[in-house]
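Reading through the structure tokens given below for one structure.
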Amino acid sequence: MYGGRFPLLEEQILFYESQGYLQLHNVLSPEEVSTLRAAIDVAAEDRKRLKENWGPRVDEGYAKVFLQMVNVWERYPAIEEYTLSPRIADIARQLTRAPFVRLWHDHALIKYPNDSKATAWHQDKVYWPMQESGALSCWMALDDVTIQKGCMWFLPGSHTLGPLDPVDLGGGDEESLLRTLPTSMRGVRPVVMEMKAGSCTFHHGLTFHYAGPNVTSGPRRAMVTIFMPAGTHYKKLEHIVGDRGNLTEGEEFHGPLFPAVGRQQ
Ligand SMILES: O=C(O)CCC(=O)C(=O)O
């Protein structure tokens with residue numbers, strides 16, 4: 001499962017480079033989607049039954065944004081097969097034009113039906129302990145996602161702004177972006193990423209993104225994998241996955257906690 005390559009056109013890579021995101025349809029087959037979705041459901045059930053956290057210690061406000069289970073690939077072989085899969089990692093490699101990429105972490109993000117808040121507009125890179133800005137996320141829809149379901153939105157070209165201040169992820173509403181953005185971006189319209197399960201988006205770590213609350217009667221399950229281009233260096237910064245790997249300031253990411261995936265063929 002999840003094998004093979006998903007070759008991109010040069011124009012898709014150029015689009016990603018200029019806009020900071022790319023949407024790709026039918027990356028997973030229906031069978032692959034249901035296998036991964038079932039594995040995520042098992043993880044969510046186990047987490048509840050075992051009274052585990054598997055994510056950041058969060059306050060009430062943040063908990064309503066989504067259920068976040070971090071580094072689930074290490075706990076479930078069925079999820080590991082997806083997270084380290086050549087197909088997804090190779091798309092990340094193509095987009096970053098690197099010889100290979102390394103996994104930073106994965107996380108399953110579930111917005112439960114009629115019981116969630118918006119994910120505030122934010123940039124990811126400002127929370128990541130990396131010196132360079134090339135890392136990116138794959139947001140894989142495991143349910144059909146619409147605006148009502150809490151799909152992703154991007155602000156095209158916002159990765160060119162560079163890192164801005166971190167925000168309170170639990171405190172955002174649709175208007176929050178307008179208050180935080182530099183005036184140069186105020187005329188740019190956010191783009192909405194409705195899509196079918198098995199389709200995904202990739203976004204650059206500096207691209208502003210948002211997801212609304214899930215106001216439907218079914219869950220919004222997404223599997224997110226974050227990749228760093230080869231040669232990314234560690235920067236000391238507190239992060240939800242903890243200080244993994246005992247890296248020192250300026251050291252290149254390496255080792256089994258950050259496996260090299262998606263090597264050039
Ligand atoms: O799924 C969401 O609500 C937000 C996801 C997100 O912020 C991310 O993948 O970086």
Side-chain angles (χ1 to χ4, degrees), residues 16 20-24 27 36-37 40 44 55-56 58 61-73 82-83 88 91-92 95 103-130 133-156 158-159 163-164 166-174 176-177 180 190-195 197 199-216 218-228 239-241:
Y16 170 79
Y21 73 93
L22 182 69
Q23 186 173 36
L24 296 170
V27 174
L36 184 57
R37 195 165 48 202
I40 298 299
V58 294
Y62 189 95
K64 290 281 180 195
V65 174
F66 39 52
L67 166 66
Q68 182 176 23
M69 295 185 290
V70 175
N71 275 328
V72 270
W73 69 280
Y82 169 77
T83 293
I88 305 302
I91 299 173
L95 290 174
L103 179 69
W104 162 230
H105 69 80
D106 69 6
H107 50 169
L109 301 178
I110 307 174
K111 282 187 191 278
Y112 283 106
N114 275 318
D115 192 26
S116 64
K117 291 172 48 174
T119 315
W121 283 102
H122 68 282
Q123 296 172 303
D124 295 330
K125 164 67 177 74
V126 293
Y127 306 99
W128 291 341
M130 298 165 202
S133 296
L136 74 174
S137 300
C138 172
W139 194 102
M140 179 62 70
L142 299 179
D143 294 290
D144 295 352
V145 285
T146 57
I147 294 177
Q148 293 73 24
K149 196 92 166 180
C151 71
M152 289 276 271
W153 295 72
F154 296 118
L155 192 69
S158 50
H159 61 310
L164 302 181
V167 302
D168 168 14
L169 279 184
D173 54 42
E174 280 169 71
S176 62
L177 175 70
T180 53
V191 287
V192 61
M193 296 289 119
E194 293 187 312
M195 59 191 165
S199 298
C200 65
T201 54
F202 281 79
H203 66 272
H204 186 280
L206 287 172
T207 301
F208 271 93
H209 53 286
Y210 164 89
N214 176 7
V215 293
T216 71
R220 189 224 68 178
R221 289 161 289 196
M223 187 65 203
V224 180
T225 348
I226 305 166
F227 300 101
M228 311 175 272
H239 184 267
I240 52 165
V241 305

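When a ligand or atom number is given, it counts from 1 through the structure's own listing order.
With hydrogens and angles disregarded, a donor-acceptor distance shorter than 3.5 Å links the side chain of D106 to the backbone of V72. In this structure, H204 contributes its side chain and K125 its backbone to no donor-acceptor pair below 3.5 Å. A donor-acceptor distance shorter than 3.5 angstrom exists from the side chain of T207 to the backbone of G20, with no hydrogens or angles considered.
Proximity of R220 to ligand 1, defined as any heavy-atom pair under 4.0 Å, is confined to the side chain (atoms from C-beta onward).
The protein heavy atom nearest to atom 8 (C) of ligand 1 is H209 NE2, 3.5 Å. Protein heavy atom at the shortest distance from atom 3 (O) of ligand 1 is T119 OG1, 2.6 Å.
Close contacts between ligand 1 and M152 involve ligand atoms 4 (C), 5 (C) [criterion: under 4.0 Å to a heavy atom]. Set against the non-hydrogen atoms of V224, the atoms of ligand 1 under 4.0 Å away are 9 (O). Below 4.0 Å from some heavy atom of D124 lie the following atoms of ligand 1, by number and element: 10 (O). Within ligand 1, the atoms closer than 4.0 Å to a non-hydrogen atom of F66 are 2 (C), 3 (O), 4 (C), numbered from 1 in the order shown. Of all the atoms in ligand 1, the ones that sit under 4.0 Å from a non-hydrogen atom of L109 are 1 (O), 5 (C). Atoms of ligand 1 found under 4.0 Å from any heavy atom of K111 (numbered from 1 in listed order, with element): 3 (O).
Taking all atoms of both residues into account, the shortest heavy-atom contact from G205 to W128 is CA-CZ3, 3.7 Å. Heavy-atom minimum distance, D124 versus H203: OD2-NE2, 2.8 Å. When every heavy atom of P213 is checked against every heavy atom of Y210, the shortest pair comes out as CD-OH, 4.4 Å.
In this structure, H122 has a heavy atom closer than 4.0 Å to ligand 1.
A salt bridge links R221 to D143: one of the charged nitrogens lies within less than 4.0 Å of a carboxylate oxygen.
No option in K111, E194, R220 other than R220 meets the side-chain contact (heavy atoms from CB on, under 4.5 Å) test with K149.
Residue W139 has at least one nitrogen or oxygen atom sitting less than 3.5 Å from a nitrogen or oxygen atom of ligand 1, judged on distance alone.
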